[in-house]
Each structure stands twice: as C-alpha cells, then as structure tokens.
Amino acid sequence: RDWGWEIFKSIEQHCKVEAGYSGVTDMTEFPHPHLDNKQQSWFLAETLKYLYLLFSPTDVLPLDQWVFNTEAHPLQIWND
C-alpha cells in the first residue's frame, strides 16, 4: 500500500491536467515530464481500478474467490 500511495501521488502530481490525466512520453525532463495530452481508456479501467482495490476493505472483492486477468477484469474462481 505504501508503494501504491506513492504511485497515486506521482500520478496526481505529474499527470493530472485540467480535463483528466495525461500520459507521459518523456521523463528525462523530470520533474516536468513531457505529456502526450491523451487519457488512455485503460488508465481508468485498469490503473485506477487496481489502486481502488489496493485501498479498499478486503471484503470488497475477496481474493480467495476472484482473480484478475491482464486487463483488470475480475473473474470468479469456480470450485467443483
């Protein structure tokens, strides 16, 4: 959770723009990276979903009953 919080703070500091969040194309200009002025659909669908789950109570989606595919979609574990 500590790493997740640092990631969230960095996204807020470096990627937040007036209408949402931008991608970063060049970090060599740190602390003012070059932004691509695009918010990718997977940013909300995956990145923020993982951050939400990281800080949610553990019973929101019990990980002994669910797994995630590479696109952060929850899949229920079926027991025979």
Side-chain angles (χ1 to χ4, degrees):
R1 286 188 173 164
D2 292 338
W3 289 359
W5 184 243
E6 292 301 316
I7 290 167
F8 177 75
K9 290 191 313 185
S10 292
I11 290 170
E12 285 290 303
Q13 181 179 358
H14 300 292
C15 300
K16 183 118 171 122
V17 293
E18 184 177 341
Y21 294 87
S22 177
V24 175
T25 60
D26 185 358
M27 281 301 292
T28 61
E29 307 264 336
F30 186 80
H32 303 290
H34 183 262
L35 304 176
D36 66 6
N37 201 27
K38 296 180 195 173
Q39 180 173 298
Q40 301 293 336
S41 62
W42 50 261
F43 173 73
L44 296 174
E46 298 173 32
T47 307
L48 292 185
K49 187 186 306 181
Y50 282 130
L51 285 169
Y52 169 78
L53 290 169
L54 182 63
F55 295 105
S56 296
T58 56
D59 62 347
V60 168
L61 205 63
L63 297 180
D64 60 342
Q65 299 172 23
W66 297 86
V67 295
F68 294 93
N69 69 8
T70 56
E71 295 178 341
H73 300 296
L75 303 171
Q76 190 169 16
I77 299 170
W78 294 94
N79 295 319
D80 292 333

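Note that this is a predicted model, so its numbers are computed, not measured.
- Between N79 atom CG and Q76 atom CD the span is 9.0 Å, to the nearest 0.5 Å.
- Here the shortest heavy-atom pairing between T25 and H34 reads OG1-ND1, 2.5 Å.
- One finds the CG atom of L51 at 5.5 Å from the CD1 atom of I11 (value rounded to the nearest 0.5 Å).
- Take W5 and apply the ring-ring contact (aromatic ring centres under 6.0 Å, His included) test, not counting sequence neighbours, and it matches F8.
- Annotation for R1 and L54: closest pair NE-O, 2.8 Å, computed over non-hydrogen atoms.
- One hydrophobic cluster holds both W66 and Y52 under the rule that ILVMFWY side chains link at heavy-atom gaps under 4.5 Å.
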Before you tell me yes or no, could you show the steps for Q40 and Y21 under side chain to side chain donor-acceptor pair (under 3.5 Å), namely the whole-Å CA-CA distance, both residues' side-chain angles and the distance that decides it to 0.1 Å? CA-CA 9 Å; Q40 301 293 336; Y21 294 87; over 6 Å; no
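- Counting non-hydrogen atoms of other residues, nucleotides and ligands closer than 6.0 Å to NZ of K16 gives a total above 12.
- The minimum heavy-atom distance between A72 and A45, with the atom names listed, is CB-O, 4.0 Å.
- Between Q65 and I77 the shortest side-chain heavy-atom distance does not fall below 4.5 Å.
- In the displayed structure, H73 atom NE2 is contacted under 6.0 Å by more than 12 heavy atoms of other residues, nucleotides or ligands.
- Salt-bridge annotation for E6 and K9: present, with a side-chain N of the basic residue lying under 4.0 Å from a carboxylate O of the acidic one.
- Taking the six-membered ring where the residue is Trp, F68 and Y50 present perpendicular rings, their angle passing 60° and hence far from 30°.
- Residues L35 and I7 fall into different hydrophobic clusters, defined by Ile, Leu, Val, Met, Phe, Trp and Tyr side chains chained together at heavy-atom separations under 4.5 Å.
- Surrounding CG of N69 are more than 12 heavy atoms belonging to other residues, nucleotides or ligands, all under 6.0 Å away.
- Shortest non-hydrogen contact noted between Q39 and L44 is NE2-CD1, 3.4 Å.
- Two residues are said to be in side-chain contact when any heavy atoms from C-beta on lie closer than 4.5 Å; L61 and P74 meet this criterion.
- Inter-residue side-chain proximity for V24 and P33 is flagged as met; some heavy-atom pair is nearer than 4.5 Å.
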